[in-house]
Amino acid sequence: MIDTANVADWLETTVIFRGLSAEQRQALTQIAQIQSFKKSEQIFRQDQEATGFYVVKSGRVKVFQMSANGKEQILNIFTEGDNFADVPALDGQAFPASAAALEPADLIFFPRYPFLEFLHHNPDVAVQMLISLSSHLRHLAQLVEQLSFKSVPQRLATYLLSLGDTASDTVYLDLTKSQLAARLGTIPATLSRAFYQLGSDGMIAIAGPKVTILDRDRLTALSQSPESSE
């Protein structure tokens, strides 16, 4: 049984349930289920019946698709406070992608029918869900743009710039090489060549997971370049 008081307070920190009354959050805890997953453990599979949606309590989760030849494409990575799989949970269709834990993760699962009943009595929550869905849609549109029009070095440049801010020129890779390749829509060997290219061009320096941005202006220009050549 979950600690309803702690979960109710924690739900206030999430995007989808921020601003709800204490009574509404307490009602949510009555249908919430905490599920724990080990590193690399499957949460659901593509085309599996969607029986609800999830909010990440701790850890990280990847949502991905696999091609017929076994190539993985990571569609998104969700961290603490993020919700995912809400679309199929709402429309009753199967999951369009698979999900797995990148590291040990605790998730709060909301079963479809009890949650739809909650929405019926609390329609204001639907506005927050629309905001969340819009954010997910925007991310997917950006992913399609990256995969369709950008080379792997350009995608890598964009990713490295997204890891930090302009106040620091040091960032740390938060994914393994295989995971990062899957997120950028390529294979590890091609990703290694992209790292080598950026390093040889004097834009970055690499030491394990630590990446130092040596020329932010050129790296930014590369990420925004309309040209795409592998």
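Heads up: numbering here begins at 1 and tracks the sequence. Quick note: numbers below take in every heavy atom, side chains included, and nothing from hydrogens, waters or symmetry partners.
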Say whether, by atom type as modelled, one donor and one acceptor occur between the side chain of Glu41 and the main chain of Lys38 under 3.5 angstrom.
-> yes
Hey, what do you get for CZ (Arg218) to OG (Ser223), rounding to the nearest 0.5 Å?
-> 13.0 Å
Give a yes or no on whether Val87 and Leu75 share a hydrophobic cluster (residues Ile, Leu, Val, Met, Phe, Trp, Tyr; joining criterion: side-chain heavy atoms under 4.5 Å apart).
-> no
Over all heavy atoms of both residues, which pair between Val63 and Ala97 is shortest? Give the atoms and the distance, please.
-> CG1-CB, 3.8 Å
Any side-chain heavy atom of Leu161 within less than 4.5 Å of one from Leu163?
-> no
Nearest-0.5 Å distance, CZ of residue Phe64 to CE of residue Met66 = 6.5 Å
If you round to the nearest 0.5 Å, how far is CG of Leu214 from CE of Met203?
-> 10.5 Å
So, do Asp201 and Asp215 sit near enough that their side-chain heavy atoms are less than 4.5 Å apart?
-> no
Hey, is the main chain of Ser225 close enough, under 3.5 Å, to the side chain of Gln154 for a donor-acceptor pair?
-> yes
Does a sphere of radius 6.0 Å around CD in Gln35 hold more than 12 heavy atoms from other residues, nucleotides or ligands, not counting ones at 6.0 Å or beyond?
-> yes
Audit row: Ile213, Leu219, side-chain contact (heavy atoms from CB on, under 4.5 Å) steps and yes/no = CA-CA 8 Å; Ile213 298 176; Leu219 195 67; 4.0 Å; yes
Does Arg60 come within less than 4.0 Å of Glu103, counting only side-chain N to carboxylate O?
-> yes
Answer with yes or no whether the hydrophobic clustering places Leu116 together with Phe118; edges join I, L, V, M, F, W, Y residues whose side-chain heavy atoms lie under 4.5 Å apart.
-> yes
Where the side chain of Gln30 meets the backbone of Ala27, is there a donor-acceptor pair that is under 3.5 Å apart?
-> no
Would you say the side-chain atoms of Thr14 pair up with the backbone N or O of Leu11, donor to acceptor, closer than 3.5 Å?
-> yes
Would you check, one step at a time, whether the test side-chain hydrogen bond (donor to acceptor under 3.5 Å, both in side chains) holds for Asn83 with Ser132?
-> CA-CA 8 Å; Asn83 56 285; Ser132 174; 2.9 Å; yes
Could you state the interatomic distance from CG (Leu102) to OG (Ser40), rounded to the nearest 0.5 Å?
-> 8.0 Å
Residues Ala181 and Pro188: closest non-hydrogen pair is CB-N, 3.7 Å
Answer with yes or no after comparing the ring centroid distance for Phe78 and His136 against a 6.0 Å cut-off, counting only values under it.
-> yes
Are Thr29 and Arg25 close enough that some pair of their side-chain heavy atoms sits under 4.5 Å apart?
-> no
Examine Val7 and Val56 and state if one hydrophobic cluster contains both, with Ile, Leu, Val, Met, Phe, Trp and Tyr joined whenever side-chain heavy atoms are less than 4.5 Å apart.
-> no
Under 3.5 Å, is there a donor-acceptor pair between the side chain of Gln73 and the main chain of Ala182?
-> yes
Phe44 and Phe95 aromatic ring geometry - parallel, tilted or perpendicular at 30°/60° bounds = parallel
Would you name the heavy atoms of Ala32 and Ile108 that are closest together and state the gap between them?
-> CB-CG2, 3.6 Å
Whether Asn69 side chain and Lys71 backbone form a donor-acceptor pair below 3.5 Å | yes
If you take all heavy atoms of Ile31 and Pro111, which pair is closest and at what distance?
-> O-CD, 3.2 Å
Take Phe115 and His120, measure what side-chain contact (heavy atoms from CB on, under 4.5 Å) needs, and give me the verdict at the end.
-> CA-CA 9 Å; Phe115 186 75; His120 178 74; over 6 Å; no
Note, Val55 side chain near Leu107 side chain (heavy atom, < 4.5 Å) | no
Okay, side chain of Asp82, backbone of Thr79: is any donor-acceptor separation there less than 3.5 Å?
-> yes
For the student: nearest non-hydrogen atoms of Leu147 and Arg155, plus distance = O-NH2, 3.7 Å
Report the distance from atom CD of Glu12 to atom OG of Ser21, rounding to the nearest 0.5 Å.
-> 9.5 Å
Leu198 side chain near Leu160 side chain, heavy-atom distance below 4.5 Å | yes
Compare every heavy atom of Leu119 with every heavy atom of Ala126, then report the nearest pair and how far apart it is.
-> N-CD2, 3.9 Å
So if you build clusters from Ile, Leu, Val, Met, Phe, Trp, Tyr with side-chain heavy-atom gaps below 4.5 Å, do Tyr196 and Ile204 land together?
-> no
Under the side-chain contact (heavy atoms from CB on, under 4.5 Å) rule, what do Thr51 and Phe109 come out as? Steps first, then yes or no, please.
-> CA-CA 10 Å; Thr51 56; Phe109 175 71; 3.6 Å; yes
Check whether any side-chain N or O of Gln48 sits under 3.5 Å from a backbone N or O of Arg45 as a donor-acceptor pair, and report yes or no.
-> yes
Walk me through it: do Lys210 and Val171 pass the test side-chain contact (heavy atoms from CB on, under 4.5 Å)?
-> CA-CA 6 Å; Lys210 177 182 176 181; Val171 297; over 6 Å; no
Lys/Arg N to Asp/Glu carboxylate O, Lys150 vs Glu145, below 4.0 Å | no
Under the 3.5 angstrom rule, does the side chain of Thr190 hit a backbone N or O of Thr186 as a donor-acceptor pair?
-> no
Validation row, ring centre Phe110 to ring centre Phe17 under 6.0 Å = yes
Side-chain contact, heavy-atom cut-off 4.5 Å: Lys62 with Asn76?
-> no
Any chance you could measure Arg183, atom CZ, to Leu180, atom CG, to the nearest 0.5 Å?
-> 8.5 Å
Quick one: does Gln224's side chain have a donor or acceptor within less than 3.5 Å of a partner on Ala221's backbone?
-> no
Flag side-chain contact, heavy atom, 4.5 Å: Pro96 against Pro88 | yes
Sub-6.0 Å ring centroid separation between Phe84 and Phe53 = no
Honestly curious: do Ile206 and Leu175 fall in one hydrophobic cluster under the side-chain, below-4.5 Å linking rule?
-> yes
